[in-house]
Amino acid sequence: MRIIFFIYLFVLSFITAFSQGTEASFKEDQFIDDLISKMTIEEKIGQMTQYTGFFDITGPAPESGDNKRKYDDIKNGLVGSMLNVKGAEQVREMQKLAVENSRLGIPMIFGYDVIHGYKTISPIPLAEAASWDLEAIQQSARVAATEATAAGLNWTFAPMVDISRDARWGRVMEGAGEDPYLGSRIAAARVQGFQGSDLTASNTLAACTKHFAAYGFVESGKDYNTADIGTSTLYNVVLPPFKATVDAGVMTFMNSFNELNGIPATADKFLQRNILKGDWGFDGFVVSDWGSIDELVIHGYAEDAEYAAQYAAIAGSDMDMESHAYKEHLQSLIEENRVDVSVIDEAASRILRVKYRLGLFDDPYRYCNEAREKELTMSKENRDASLEMAKKSIVLLKNDQDILPLPKSGKKIAVIGHLADSESSPLGNWILAADDNSAVSLLEGTSNYSGNEYSYTQGVRLYEGREKFIYELKINTEDRSGIEQAVALAKESDIVIMNLGEHGFMSGEARSRATLGLPGLQQELLEAVHEVNPNVVLVLQTGRPLTITWADDHVPAIINAWQLGTESGHAIAQVLFGDYNPSGKLPMTFPRSVGQVPIFYNHKNTGRPYDADLVFWSHYIDQTNAPLYPFGYGLSYTAFEYKNLSVVSSQNTVDVSVTVTNTGDYDGEEIVQLYIRDHHASIVRPIKELKGFEKVSFKKGETKTVKFQLTEKELGYFDNQGKYTFEPGKFSIMVGGNSADLIEQVIEL
Ligand code: NOJ
């Protein structure tokens, strides 16, 4: 009887929730249909148009030229969105222009690149991925959303979910690395962080999954280049993180600059209409990347801007970011029957839907509150969150003879490297809203450990030029004048902390590299210093994997501190001096040389994988196939031992358990990783695929059992038609602390 009652209650609440849901979506549809029915074609095209910020709205209105035209467009309701306008006051006034002057008063949506923080900068996304800590990553996006929305913004162009296997590509700093499983989990976490559970709240904003698709596979790692990948890689590697964000409810997508199989993504109907809006049921809108509609002409795809607008709109690019092609050409294209009006209706409806869900029609100014902006920007709480994230992102790469952690007192410590006193470089690349020089430098971070005596010298200058998003830094390859002083200082010191690597503006958009060593003269500096004092701790600052093979051979301790954001120096110092035990694991393989790139753990076996007497196997004659540091790798001040792998399969599941013991001298956290291999399949599968992970903390000496469960969802793959398939047969189940060091059991399913 009781059971029946509970079933009744369950069914009733399900029906109520369902009908509330359908009622809400009915209201939404009705609102949008109603609005669309009132709009002129020009106004609908206006919704599909996005302009970048072009004047300070607190100053005089533009009186002539392009700016005057844009200004009038906003007033006439012919602009759907703006990017690069920020600050509660600026956004409110700009919004007023549209809402108070235009015929229908439709609010604009304000987008901005809030990629790893707004003003309080968090670690670059690749660094955050090294934490494998989904809750922390979600929280980091939450903090960014809180700050950005307080500054009037309601749309961020993040997360970037492009999988990449090529460290030459500068944009690897913006993604989660090389693995589709880890990448998917992180992508979803970031969407949940930005969008929260209530999109109408004044501290949540719409996220934008980018760049759709295959941008991370640009040939030779050169930004904006062509991508040419097979169907299996597209379905199994590239697309899963995009799909994960649709499942997480992401509101918008951005397409990519590259072409794929001869079709620029902006004009790719298969990707945007068939897969995204069709198969995946995405009901938000797609924005082009900056100028990418115009670029259809330059690619050699469209004959002119008119054709470009036609192809992009028909392919499902709903909003034009700064090409002005829709604005100029869509109306005549409709009149000439080259684009059907339903295409415009659909695109405008999608854009209005996102605005509706943000609550902009209820209150277009809901994000504009100067008091809130003042209170939240760079608050102590936000800085603390950034510090926590930074510590979790650090990866300990080497620690011979336990040189780390360093003593907190009694030592003469030399700090060497141009980056060590930089308050700009640790912020990373996407720092459009950040205050200049607002990071804690490594040098400043060490001052909290005042029991030691510190001396600083730059060694060699790494760069010169303007440290700004839009400029290229010039790398110093000639001036060696500081090396002598660095050597002298190292000679008289007990320990040398060398902070070397890349400035924050050496990775990111348009910052591809053909070499992956320490840039400039830093390698020379490192070798010269090491020769007189081998007690070197290398603190690497980088936006990508580097080929630090010499350092790994010679330097006793290496910490990868990426670019950790506002609190960088504090986080590094806490790790160096043992107040925080590092637990980060690499989300991207570190190669030994550029020649190994692209290098990734989840490669195929080939027909000739084995080391043979004769030369005829898949290898290099001048270097091992093994990477410098594999995917998933990272040390701790303590050590972990894996034992008792148990794999039990039943009809629908495979239950895996393993015991992990902290065998070292510190409490610590370990990221326990689960990999599978499907030995034979109709589409050849990789030799390893990550399918689960758990971040677990251990007291010194503690043993824990860690459990995973696999189902067909993890054991299958996409065939070349994009259909998910599970094929029974022989599988390896592997567990361990990184992708190269695993215990394994083989089962038959
Ligand atoms: C170009 C970049 O590719 C994209 O990621 C970014 O969001 C837009 N510019 C807007 O700044």
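Throughout, residue positions are numbered sequentially from 1 according to the sequence presented. None of the values given here were measured: they were computed from a predicted structure. Indexing begins at 1, ligand by ligand and atom by atom, following the structure's order.
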* Kindly state whether the ring of Phe631 and the ring of Trp132 have centres lying under 6.0 angstrom apart. => yes
* To do: Please say whether the positively charged group of Lys210, taken as NZ for Lys or CZ for Arg, lies over the ring of Trp430, i.e. under 6.0 angstrom from the six-membered ring centre and within 45 degrees of the axis.
  => yes
* Step through it carefully: locate the ring centre of His503, locate the ring centre of Phe505, and say whether they are under 6.0 Å apart. => yes
* Asked: Which of the atoms in ligand 1, numbered in the order shown and given with their element, are less than 4.0 Å from a heavy-atom of Lys210?
  -> 4 (C), 5 (O), 6 (C), 7 (O)
* Can you check whether Trp290 and Phe257 have ring centres sitting under 6.0 Å from each other? -> no
* Pick one of side chain, backbone, both or neither for how His211 approaches ligand 1, counting any non-hydrogen atom pair under 4.0 Å. => side chain
* Please report which non-hydrogen protein atom sits nearest to atom 6 (C) of ligand 1, along with the residue it belongs to and the distance in Å to one decimal place. => Asp113 OD1, 3.3 Å
Ignoring hydrogens and angles, write down the donor-acceptor pairs under 3.5 Å from the side chains of residues 188-199, residues two or more places apart or on other chains.
{"unit_1": "Arg190", "atom_1": "NH2", "unit_2": "Ile115", "atom_2": "O", "d": "2.6"}
{"unit_1": "Gln195", "atom_1": "OE1", "unit_2": "Ala207", "atom_2": "N", "d": "3.0"}
{"unit_1": "Gln195", "atom_1": "OE1", "unit_2": "Met251", "atom_2": "N", "d": "3.0"}
{"unit_1": "Gln195", "atom_1": "NE2", "unit_2": "Gly249", "atom_2": "O", "d": "2.9"}
{"unit_1": "Asp198", "atom_1": "OD1", "unit_2": "Thr200", "atom_2": "N", "d": "2.9"}
{"unit_1": "Asp198", "atom_1": "OD1", "unit_2": "Thr200", "atom_2": "OG1", "d": "2.5"}
{"unit_1": "Asp198", "atom_1": "OD2", "unit_2": "Thr200", "atom_2": "OG1", "d": "3.3"}

* **For Phe157, atoms of ligand 1 separated by under 4.0 Å from a heavy atom** => 7 (O)
* To do: Would you kindly specify which portion of Arg171 sits under 4.0 Å from ligand 1, judged on non-hydrogen atoms: side chain, backbone, both or neither?
  => side chain
* Asked: Any N/O of Asp289 closer than 3.5 Å to an N/O of ligand 1?
  -> yes
